[in-house]
Amino acid sequence: QVQLAESGGGLVRTGQSLRLSCAASGPTFRRDAMAWFRQSPGKEREFVATITQTGGDQYYTDSVKGRFTISRDNAKNMVYLQMNSLRPEDTAVYYCAARGGSYLYTDASDYSYWGQGTQVTVSS
């Protein structure tokens, strides 16, 4: 069983930065692919970024490429999402997700474990 807990959300202005953290518990973290998704009111959950088990490969949705960076620290069971140049359209609840495997999964249905989410609000 994997448990995930996100933190680091908040209210920022356009152009500012935030770093989200996801603390993972469970014996399989180092074997799990990890991802960040987000969901705005009235919209479906949207893929943001994913990273492989070792952190060697990452993949991003087009709208965040060059602005967001996903990383992980397997020694600390942590995953991070560094978000720079934030825009109002980045406003959403951000979720951390985990699944076994070594590929770059981008569909929410691919992930078995989810955190409770952290709110990110970007004002214009």
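Note that these values count all heavy atoms, side chains included, but never hydrogens, waters or copies made by symmetry. Everything numeric here is computed off the predicted structure, so don't read it as measured data.
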| message | Less than 4.5 Å apart, side chain to side chain, heavy atoms only: is that true for Val64 and Arg38? | response | yes

| task | Just grab all the ring pair (Phe, Tyr, Trp, His ring centres under 6.0 Å) pairs involving residues 18-39, residues at least two apart or on different chains. | result | Phe37-Phe47, Phe37-Tyr111, Phe37-Trp114

| message | Going by side-chain hydrogen bond (donor to acceptor under 3.5 Å, both in side chains), name the pairs with one or both residues in residues 70-79, residues two or more places apart or in two chains. | response | Arg72-Asn74

| task | Decide, yes or no, whether a salt bridge links Arg87 with Asp90 under the criterion of side-chain N to carboxylate O below 4.0 Å. | result | no

| Thr69 side chain to Gln82 backbone, donor-acceptor under 3.5 Å | no

| query | Residues two or more places apart in sequence or in another chain: which of them pass side-chain hydrogen bond (donor to acceptor under 3.5 Å, both in side chains) with Gln3? | reply | none

| request: Please say whether more than 12 non-hydrogen atoms of neighbouring residues, nucleotides or ligands are located less than 6.0 Å from NZ in Lys43. | output: no

| field | Heavy-atom neighbours of Tyr59 OH exceed 12 at 6.0 Å | value | no

| request: For the pair Thr50 (side chain) and Thr106 (backbone), establish whether a donor and an acceptor sit closer than 3.5 Å, ignoring hydrogens and angles. | output: no

Taking distance alone, no hydrogens or angles, what donor-acceptor pairs closer than 3.5 Å link side-chain atoms of residues 15-23 to residues at least two apart or in another chain?
unit_1: Gln16; atom_1: OE1; unit_2: Arg13; atom_2: N; d: 2.9
unit_1: Ser17; atom_1: OG; unit_2: Asn84; atom_2: OD1; d: 2.9

| remark: With sequence neighbours left out, the residues meeting side-chain hydrogen bond (donor to acceptor under 3.5 Å, both in side chains) with Gln39 are Arg45

| message | Checking one residue: Met78. Which other hydrophobic residues are in its cluster under the side-chain 4.5 Å linking rule? | response | Tyr80

